[in-house]
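Report on the following structure.
We count ligands from 1, going down the list as the structure has it; atoms in each ligand are counted the same way.
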Amino acid sequence: MSMQTHLFRCLSDNYGVLVHDPDSGETASIDVPEEAAVRKALADTGWSLTHILITHHHNDHIGGLEGLKTPDVTVVGPKKDAARISGLDVLVGEGDTFEFGGENVEVFETPGHTSGHITYYMRNAGLVFAGDTMFTMGCGRLFEGTPADMWTSLNKITALPASTKVFCGHEYTLSNARFAVTADPTNEKLKERLAEVEKKTEQGIPTVPTTVGEELETNPFVRAGTVEVAEAMGLAGESPEKVLAEVRRRKDSF
Ligand code: ZN
Ligand code: FE
């Protein structure tokens, strides 16, 4: 059987997600925003936690770590953040792989939001866990990285097959989509997607996961290399990094 996922909301606008392999019985929590919410998700699914995969050191991604870590749980996390996340058992960086549920999970370093941020890719399952690097129609704020870092990081994700499901750490999509139409104003697909997102948000339906293909079509940060977004930023002919910097600057005050 293939990998199963269970998405749940927690804290104010975070998403938690459990990934479960029915064959091995292994279950991973991607980040642990909040102990109680992860415990409830485990109770709801009947799955037993065997792994915790940490994307970055922010408290809304590791807050439940101390409470959920037991000797039966393997905690994987970014090598570069070893000094600021306590309780990591397996330290990983760019190009590393490790076994989970019969998958060879691949690790990408995706700095920009934080310097140590990593992304987990399950190639056979077609799932990528992007933390606060890529959001549905957005990207993370650049707290510890440059626009060039973020551009490189986003490209690692968009290089994956178009059907790859992208899970991210927050429900920021309505705000992202409303901003996106200002940054890519001639994009008809984006206008359609904004309407869909408004409907889903009103009905309380998550806009996560998204897919690589949908982001390539509608995410203005991913599309920083297009003529359309460059022109909308007043930066026709400039590099994607410069365009991304301007998109990010405008979104920060949107
Ligand atoms: Zn964060
Ligand atoms: Fe976060």
Salt bridge check, Glu144 against Arg84: does any charged N sit closer than 4.0 Å to a carboxylate O?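 Salt bridge present between Arg84 and Glu144.
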Within residues 147-156 or reaching into it, pairs that qualify as salt bridge (Lys or Arg N to Asp or Glu O under 4.0 Å) - sequence neighbours excluded: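 As it turns out, the salt bridge (Lys or Arg N to Asp or Glu O under 4.0 Å) pairs with a partner in residues 147-156, which skip direct neighbours, are Glu94-Lys156.
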[X] side chain to [Y] side chain, donor-acceptor N/O pair below 3.5 angstrom:
| X | Y | result |
| --- | --- | --- |
| Thr55 | Asp31 | yes |
| His61 | Asp132 | yes |
| Thr119 | Thr110 | yes |
| His113 | Thr133 | no |
| Glu215 | Thr210 | yes |

For a ring pair (Phe, Tyr, Trp, His ring centres under 6.0 Å) with Phe167, tell me which candidate from Tyr120, Tyr15, Phe129, Phe135 qualifies.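 Result: among Tyr120, Tyr15, Phe129, Phe135, Phe129 is the only option passing the ring pair (Phe, Tyr, Trp, His ring centres under 6.0 Å) with Phe167.
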Anything protein N/O/S under 2.8 Å from the Zn ion (ligand 1)? Just list residue and atom, please.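 His56 NE2, His58 ND1, His113 NE2, Asp132 OD2, with waters left out.
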Strictly under 2.8 Å of the Fe ion (ligand 2): which protein N/O/S atoms qualify?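 Counting only protein N, O or S atoms under 2.8 Å from the Fe ion (ligand 2), the list reads Asp60 OD2, His61 NE2, Asp132 OD2, His170 NE2.
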Can you list the residues that meet the side chain to side chain donor-acceptor pair (under 3.5 Å) rule with Glu246, with sequence neighbours excluded?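 Scan of Glu246 (side chain to side chain donor-acceptor pair (under 3.5 Å), adjacent residues dropped) gives Arg249, Arg250.
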